[in-house]
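A, B, ... follow the sequence lines: proteins, then strands. Residue 1 opens every chain. Quick caveat: nothing in here was measured; it's all calculated off a predicted structure.
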Amino acid sequence: MERDSMQSMEAAVRERWGDAFAADPVPGTAKFYLTVAYPYPSGAMHVGHGRTYLVPDVVARFWRMRGRRVLYPMAFHVTGAPVIGISKRIANHDPAAIKLYHGLYRVPMDVLERFVDPLEIVRYFSDEYERVMRMAGLSIDWRRRFTTVDPHYSKFIEWQFGRLYEKGYVVRGAHPVRYCPLCDNPVGDHDLLEGDKAEVIRFVLVMFRLGDTLVPTATLRPETVYGVTNLWVNPDVMYVRAAVDGEIWLVSREAAEKLALQEHEVRILEEVPGSALVDQIVTHPLAGEVPILPAAFVDPEMATGVVMSVPAHAPFDYVALRDLQQEGRYTELVPRPLITVDGWGECPAKDAVERAKVTNQHDTRMDALTQEVYSAEFSKGRLHDRLGGATVREARDTVGEFLCAEHGSTVMYEFDTRPVVCRCSSRVFVKILHDQWFLTYSDPAWKDQVKAYLPDISLVPPEVRAEFERTVDWLKDWAATRRVGLGTRLPWDPTWLIEPLSDSTIYMAYYTVAHRIRELDPALLTPAAFDYLFLGVESPEFQDRELLAPLREEFLAWYPYDYRFSAKDLISNHLTFQLFHHAAIFPPELQPKGMVVFGMGLLNGAKMSSSKGNVFLLEDALAEFGADTVRMFLMGSAEPWQDFDWRNELVSSTRRQIERFEATVRDTIAAPDTSGPVDDWLLSRLQRHVTRMTASLESFQTRQALQEAFFGVEADLRWYVRRQPEGSTGGAALRELCSVWVRLLAPFIPFTCETLWQALGNEGLVSFAPWPEADPARDRPALELGEELLSRTVEDVESILKLLPITPSAVEIAVAPAWKREIFRTIAAADDRNAAVRLVMQNEDMRRRGKEAADAAKQCTTLIHRLPPELVENLLQVELDEAAVFAAAREFLERAIGLPVRIVGAEESAHPKASVALPFKPAITIE
RNA sequence: GCGGGGGUAGCCAAGCCCGGUCAACGGCGCCGGAUUUAGGGUCCGGUCUCGCAGGAGUUCGAGGGUUCGAAUCCCUUCCCCCGCACCA
């Protein structure tokens, strides 16, 4: 089909659909409510997004045809900071941002100018999303569309958080964040020029004493304090003495600034060059008296700029000390081992360094060695018995806590990789935010509640259950508020905004009333109103019952949702969060019923990524290939939970398949009302396809369903056409098949099917036509066996003909005699088929036949193992008259083989070969 | 490191849970043929190796084991992908 006519066909179908997918509950009719994670509209949709929204659409269309009231709603998640960053970049005429938005996403320049307002961005792309989703044929109830910054929605979120707060699930605490001093703001990934992968790590400061001054050394391994032999400072670095929270600390100048951001009162008193510190003696209760030594590797930007040295277990420390000792200095210092590790000597750091033949501390392999030793000690190491013998894994935490409690230690945060740079080009530091609000996902009681519901939730695919269970266990408290971004303000502390992963947890409930709540004045939407609407709780002062009763009714008609669809990487946050929130807020009967987890999308084998430009826009795909082709490809190339790979050449071939399907169906419209020899066979097979396809879709296997409904039926049709008498192409049976076929494919390729359904003379939309049901009365097992026998025989003849160098003149098909059929049945019905030969030979008649019978029994055993079990089962049920099957199809056989065919009983044949005939495997002789 | 999931013929990908249907579904690619003979579309056939009778041999990351029999069960080992949070 030409692109123009394809697009006008699609437009015509969309016109016919109108708002048919707007869903209202109908009393007495079962509902099916499915939701998919709403998109964050900050850019154009690509084919990966397309798959995300198409899977639920296919499922929605399927259940709609099965007579359910189906609700498939859509909204837009605009909460958060990314869009703020984008608008800033556009305002600053950032070339990369302009290229992405104007070039790749094709936003007109005049629209782009308006993007300096972040709300304009989400407004523009929300409309784009809806437009493209409609192009793709998504059967969404658009009346319910909203965004997460609509005033009504904000009221809803305020209510939700109010409930959580009352229940004690929202608490206050301090939290380290990335922070730009110049912007005076926390910064997200999108705001970073450099270091977006840097993680905040938690150091313990071990406080050594130098006279009246404390020297804090930062470490990730506080348990090694027992093995400290010295400290390191960089002699070329300027240190400062500073008043910190009433004490005097000695740290690098950089560290003093950082500490000021981390809940410390810092006043710099004087500068001290690193060189002046060398050879001073410091003390610590757990480490004793140790000297300060010079080392070039000490980085003033790293934590405090002072390092404690554990040469027995830290390769850097070992090498640096060795370097000095090779110059004849500090030779009195010896490593103090405190950890034993299987497979390593007393001093693992020494082992590693010597094995790698490292000559000095500037060796590039030092980081790798450090990693190796640390991993070995962390996973397998134990403290010496004199220190309690705990595993390193345990001791790291217990010693750290002990130091903090008893020896003045404290915590300092630092990035694991540096530098981290803001878009404003300022350095980024770790800052402790006070008064951060947390959702207490660590609460064991809350976890238990979720765990109690989890077993009843249907998960697709089932393998993800372990991941959910683990996530519930592992989840810690979640910082649920932000200072910057779009979103709803925390009702009791409006200086904070509720962050995106927290305001998107129970909105599935909001969809059920979104189109009606919009009609109300937001001022009416008090917590009491939502208490009634969603929980049925009526406080004495609640006045608006009458107004809200229809909404409550509709909520209860749809809720709980049946399935939630989302991507695999959201298991560890969004999908589990929403279980927590549902558990906390809704009663047991309104808990989620199921979830379907998606795989990811690849483009020509590489991961799709907007920032790398490796995307194919959904709109372009729809325009180039047509909506049905895009749909069928995305549904057919992989099951929803598997990764799929978009390849243009495969998509083109999908398009030809649809054209073939359409041509086949259209041909039958004019077909004569004749009947043929294999009509009943075709319709019998069709019942099986309907059953299997239905089962596949019930379990969300779109690929399997398509295989069955499309390729399965197509293969049958090929055989059917082949079996028609000369000059016939089939008749009435084909028309019946097509009526079913068009409906089976309607969820996948609704545009084509809608058009064909009309062309076939049906009233109404195929989208609402009844789903085909398998009719057991049409099953013809004997016919199916007969056709199976024919096709296997033809195949055998062809393969023999191919091998033979002779010019054949005729074919003889010799059918196995009755006594072999009896052997076959005996063996097929036997519990233990391996003992079957003995079983057969118990029979008097068979014994008389002697070796001939024993051989036949062996051959039948082999054959039965090779046939599909289902087929063997059918052969037991049905008495198949093979000779009659062949006789009836002789004309066909001769045409198919291109030779005269003679059908005989094996025992009447003159050919010696005929004696090898087995049931369902006639002897074939080529003359 | 922790947790989850995988490795199947040129590619993608079924099958594994419930061992014999498996030389291994299906699609793509490739090769050959047919067609109102366009290298395009459609249809038919082939596509691990060998084979003048429908068969045999060797394969399902690697190695070992259980079994009459293993891609499928058990053990060991190598490799790959995903998530690990304040980011949607």
Any idea which of B/G27, B/C25, B/A85 is nearest the A/Trp478 side chain? B/A85
Picking from B/G26, B/G3, B/A85, which would you name as closest to the side chain of A/Phe711? B/G26
For B/G61 versus B/C16, give the span between their P atoms, rounded off to a whole number of Å. 15 Å
Could you measure between the two C1' atoms, the one in B/G63 and the one in B/G57, and give it in whole Å? 22 Å
For the ring pair A/His175 and A/Phe438, is the centre-to-centre distance below 6.0 Å? yes
Side-chain atoms of A/Ser799 come closest, of B/G54, B/C82, B/C28, to B/G54
Could you check which nucleotide pairs with B/C48 in any of the strands shown, counting Watson-Crick or G-U wobble with both distances under 3.5 Å? B/G57
In whole angstrom, what separates A/Asp667's CG from B/C43's C1'? 14 Å
Hey, which sits more toward the 5' end of RNA chain B by its nearest nucleotide, A/Glu499 or A/Gln701? A/Gln701
With respect to the phosphate group of B/G41, does any side-chain polar atom (N or O) of A/Arg660 fall under 4.0 Å of OP1 or OP2? no
Should A/Arg656 be listed as having a side-chain N or O under 4.0 Å from OP1 or OP2 of B/U42? yes
Report the distance from atom CD1 of A/Ile84 to atom P of B/C87, rounded to the nearest whole Å. 13 Å
Out of B/G5, B/A85, B/A88, whichever nucleotide has its closest atom nearest the side chain of A/Pro82: B/A88
Counting only Watson-Crick pairs (N1-N3 plus N6-O4 or O6-N4) and G-U wobbles (N1-O2, O6-N3), all under 3.5 Å, who is the partner of B/U8? B/G15
Are A/Phe633 and A/Trp646 an aromatic pair, judged by ring center distance below 6.0 Å? yes
Whether the A/Glu649 and A/Ser652 side chains hold a donor-acceptor pair (N or O, under 3.5 Å, no angle test) is what I'd like checked. no
Would A/Trp474 count as stacked on B/A85 if the rule is ring centres under 5.5 Å and plane angle under 30°? yes
Please find out if less than 6.0 Å separates the ring center of A/Tyr441 from that of A/Phe580. yes
